[in-house]
Amino acid sequence: PGDSVSEATPEATGELPEASGAETEASDGESDDVMPDSSGVPVLADLAALLAYPAGVIRAHAAYALGMVGLEAKAAAPALVKATADADHHVRRESIQALENIKPGIDVVGPALLKALEDKEPSVQVTALDALVDVGPQAIPTLAEALGNPATRYWAALALGEFGPAGKPAVGALTEALDDQRPEVV
C-alpha cells in the first residue's frame, strides 16, 4: 500500500508531465502542437515550460532542445535567460548555448552572460564566453564593461581579443585592465 506505481508522481518516477493538451500528431501527419507565436515550431511552449521542471536533467534537455530549434525559438529567450541562473550547472550551460543559437540580441542576453562569466563552473564560463563572441561586435561595449570587474576581466580580455581591430572601442578599458597584475590578465 502506498508503494504502487499507479500512485507515483511524475517527479518521483521521472516521467514527463502531460503536454499542453494539444494533439502531438494530426491525422495528416503534421503537428498541431504549436504555440500561437512560434512561427510553426511544434511544442515550443511545452519545452519552455519544462525549464521549470523539478528534475535538472529534464530542464537541461529542454534548454538543449530549444537551442536546436534556433532562431524560431526567440519567444523562449526570457525563460532561457532565467535558466542561466539555475542551481544545476548543466542547465545553466545548456541555457546559454541555447541563447547563443537563438540569437535574441545582446540587450536580452548581455547581463545574464556577464553573470555567467563569474560562474564557479568553468564549462559555464567558457560557454558564456563563446556566446558573447558569437554575438559579434555588438558585444564589445558589454565586454568592455566586464573588464571593470576583476572576476570577469580575464574572460572579457580573451573575448575582446577575438574581435581584432573591431575591438578598438574597448582599448581604453583594456588599457586600464593592464593595472591588474594577475599573469593571466596582462
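The structure displayed is predicted, hence computed values, not measured ones.
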Could you tell me whether the side chain of Arg92 and the main chain of Ala87 form a donor-acceptor pair under 3.5 Å?
-> yes
Given the rule in the side chain to side chain contact (heavy atoms under 4.5 Å, CB included) test, do Leu71 and Ile102 qualify, once you have shown the distances and angles that lead to the verdict?
-> CA-CA 4 Å; Leu71 299 174; Ile102 292 169; 5.9 Å; no
State, yes or no, whether a side-chain contact exists between Val126 and Trp155 at a heavy-atom distance under 4.5 Å.
-> yes
Decide, yes or no, whether a salt bridge links Asp180 with Arg153 under the criterion of side-chain N to carboxylate O below 4.0 Å.
-> yes
SB check Asp134 Lys103 (cutoff 4.0 Å) | yes
Would you say the side-chain atoms of Arg59 pair up with the backbone N or O of Ala52, donor to acceptor, closer than 3.5 Å?
-> no
Measure from the side-chain N and O atoms of Gln181 to the backbone N and O of Asp179, and report whether any donor-acceptor pair falls under 3.5 Å.
-> yes
Value rounded to 0.5 Å, distance of CG in Leu132 from CG in Leu114 | 6.0 Å
Does a side-chain heavy-atom distance below 4.5 Å link Val91 with Thr84?
-> no
Does a side-chain heavy-atom distance below 4.5 Å link Asp86 with Ser95?
-> no
Heavy-atom side-chain proximity of Ile96 to Arg93 below 4.5 angstrom = no
Please test Val135 against Gln138 for side chain to side chain contact (heavy atoms under 4.5 Å, CB included), starting from the C-alpha separation and ending with a verdict.
-> CA-CA 6 Å; Val135 167; Gln138 300 84 3; 4.1 Å; yes
Gln125 side-chain N/O to Leu117 backbone N/O, donor-acceptor pair under 3.5 Å = yes
Could you tell me whether the side chain of Val57 reaches within less than 4.5 Å of the side chain of His90, counting heavy atoms only?
-> no
Heavy-atom check, side chain of Lys115 versus side chain of Thr152, under 4.5 Å | no
